[in-house]
Number of protein chains: 2
Amino acid sequence: MQTTQAVAAGQDICSGPPPRHPRPDGQDRYTISEVVAFTGLTAHTLRWYERIGLMPHVDRSHTGQRRYTNRDLDWLVFVTKLRLTGMPVADMVRYAELVRQGESTYDERRELLESTRRDVLARIHELRDTLAVLDLKIGFYATEGTTR
Amino acid sequence: MQTTQAVAAGQDICSGPPPRHPRPDGQDRYTISEVVAFTGLTAHTLRWYERIGLMPHVDRSHTGQRRYTNRDLDWLVFVTKLRLTGMPVADMVRYAELVRQGESTYDERRELLESTRRDVLARIHELRDTLAVLDLKIGFYATEGTTR
DNA sequence: CGCTTGCTTGGAGTGCGCTCGAAGGTCATA
DNA sequence: TATGACCTTCGAGCGCACTCCAAGCAAGCG
């Protein structure tokens, strides 16, 4: 019940394409250390993400310990992808806020993602240029360097 | 005399492929503000690069002001390319040291560049994955978002 | 001459994204 | 029931890459 319909209802956390859920085990309540193992983030970072508003409200056990859902994991995977595009954490927090505000923010969210998409493309082109420069230099070392 | 022969002699700053020199004007002694205009770096950053050993020795005017050469500009362009691959400044300082040590470090320099090259390639692949994720999400907003 | 502009230095400050520590509560196992 | 692993909060600290500041020197100009 947390996949396609909920996504279509626009009230969930991720609001993206329905991601395949099957996780390490078949559950839907993970401790912080399980999430650490799954995402590669540290427990400190996970708590910090929550403090700064980058996570939706994470459920708690009756004693106050965090219990992450599969949806939380999906969100973390997405956030991690955004992070390595170089997107500032503040922008991701903004996106998270939009998601919390519901489907009235669809347009703004799409614009944010499209602008991110443009950034990523530009970044790829930059990196390709750099690759060309590196290849030139490496080529130099392969000839001048070896036949010296 | 600072182009091809010097490069082939392996004692210059860049030791890469001979870059075309023609610069904003036809000179070879630029003030820091000219270099700012050309590279987009700030004067603060240029001085800081020098302090940490990322620049070869920059020449001075008779009154102690910096005078950058075309070779210095080439180096800065290269450094800027390396920077946006995400290479740490400390690693670039290491490379600069190798260049200063002369042609006996060709092998190590080549290895460093090849390892950087691998990093850049991996980075490009990551970004392409992220692009795919973004496209999926944007696609969702384009359909669910508009036909809501 | 005084003023402005541009440069010099060393050291201190900033913003980001974590990262760690202290002090204490909870849980599973023997 | 006791031990040890794991969890909680809040606040402070860290590493990186700049970024800025204060104090002062030099050159050009009306």
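Below, read A as the first sequence line, B as the second, and so on, with proteins coming before strands; counting in each chain starts at 1.
Between B:Tyr106 and A:Tyr141, the ring planes are perpendicular. Angles over 60° get that label, and only those under 30° would be called parallel.
The salt bridge (charged side-chain N to carboxylate O under 4.0 Å, His left out) search around A:Arg67 returns none, not counting sequence neighbours. Not counting sequence neighbours, the partners of B:Val93 by the side chain to side chain contact (heavy atoms under 4.5 Å, CB included) test are B:Ile52, B:Leu54, B:Val89, B:Glu97. Taking the salt bridge (charged side-chain N to carboxylate O under 4.0 Å, His left out) definition, one finds that A:Arg60 meets it with A:Glu50, sequence neighbours left out. Taking the side chain to side chain contact (heavy atoms under 4.5 Å, CB included) definition, one finds that B:Ala132 meets it with nothing, sequence neighbours left out. With sequence neighbours left out, the salt bridge (charged side-chain N to carboxylate O under 4.0 Å, His left out) criterion links B:Asp119 to no other residue. Residues that satisfy the salt bridge (charged side-chain N to carboxylate O under 4.0 Å, His left out) test with A:Asp91, not counting sequence neighbours, are absent from this structure. In this structure, the side chain to side chain contact (heavy atoms under 4.5 Å, CB included) partners of A:Ala43, at least two apart in sequence or on a different chain, are A:Ile32, A:Val36, A:Arg47.
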Between A:Glu114 and A:Arg117, is a salt bridge (charged side-chain N to carboxylate O under 4.0 Å, His left out) present by the stated rule, with each step listed? CA-CA 5 Å; A:Glu114 279 172 354; A:Arg117 196 201 125 94; over 6 Å; no
Could you walk me through whether B:Tyr68 and B:Leu46 pass side chain to side chain contact (heavy atoms under 4.5 Å, CB included), step by step? CA-CA 11 Å; B:Tyr68 291 83; B:Leu46 287 169; 3.6 Å; yes
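A distance of 11.5 Å separates CE in A:Met55 from CE in A:Met92, rounded to the nearest 0.5 Å.
First and last contacts of DNA chain C with chain B, using any nucleotide atom under 4.0 Å from a protein heavy atom and ordered 5' to 3', fall at C:dC7 to C:dG11.
Comparing the helix axis at one end of the helix from C:dC1-D:dG30 to C:dA30-D:dT1 with that at the other, each defined from 5 consecutive pairs, gives an inter-axis angle of 10° (nearest 10°).
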Along nucleotides 3-9 of chain D, 5' to 3', which nucleotides get a B, which get an S, and which get a -, given that the test is a protein heavy-atom distance under 4.0 Å? ----SBB
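With the nearest nucleotide of DNA chain C identified for both A:Ser61 and A:Thr42, A:Thr42 has the one nearer the 5' end.
For the contact set between residues 123-131 of chain A and DNA chain D, defined by any heavy atom under 4.0 Å, there are no members.
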Side-chain donor-acceptor distances from residues 81-88 of chain B under 3.5 Å, at least two apart:
residue, atom, partner, partner atom, Å
B:Arg83, NH1, B:Met87, O, 3.1
B:Thr85, OG1, B:Leu82, O, 2.5
B:Thr85, OG1, B:Met87, N, 3.2

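Of the listed residues (A:Arg66, A:Arg71, A:Arg29), just one forms a salt bridge (Lys or Arg N to Asp or Glu O under 4.0 Å) with A:Asp59, and that residue is A:Arg29.
If you measure from atom CG of B:Leu54 to atom P of D:dC16, you get 15 Å, rounded to the nearest angstrom.
An OP1 or OP2 oxygen of D:dA17 is reached within less than 4.0 angstrom by no side-chain nitrogen or oxygen of B:Tyr49.
Looking at heavy-atom distances under 4.0 Å, A:Arg51 makes contact with a base.
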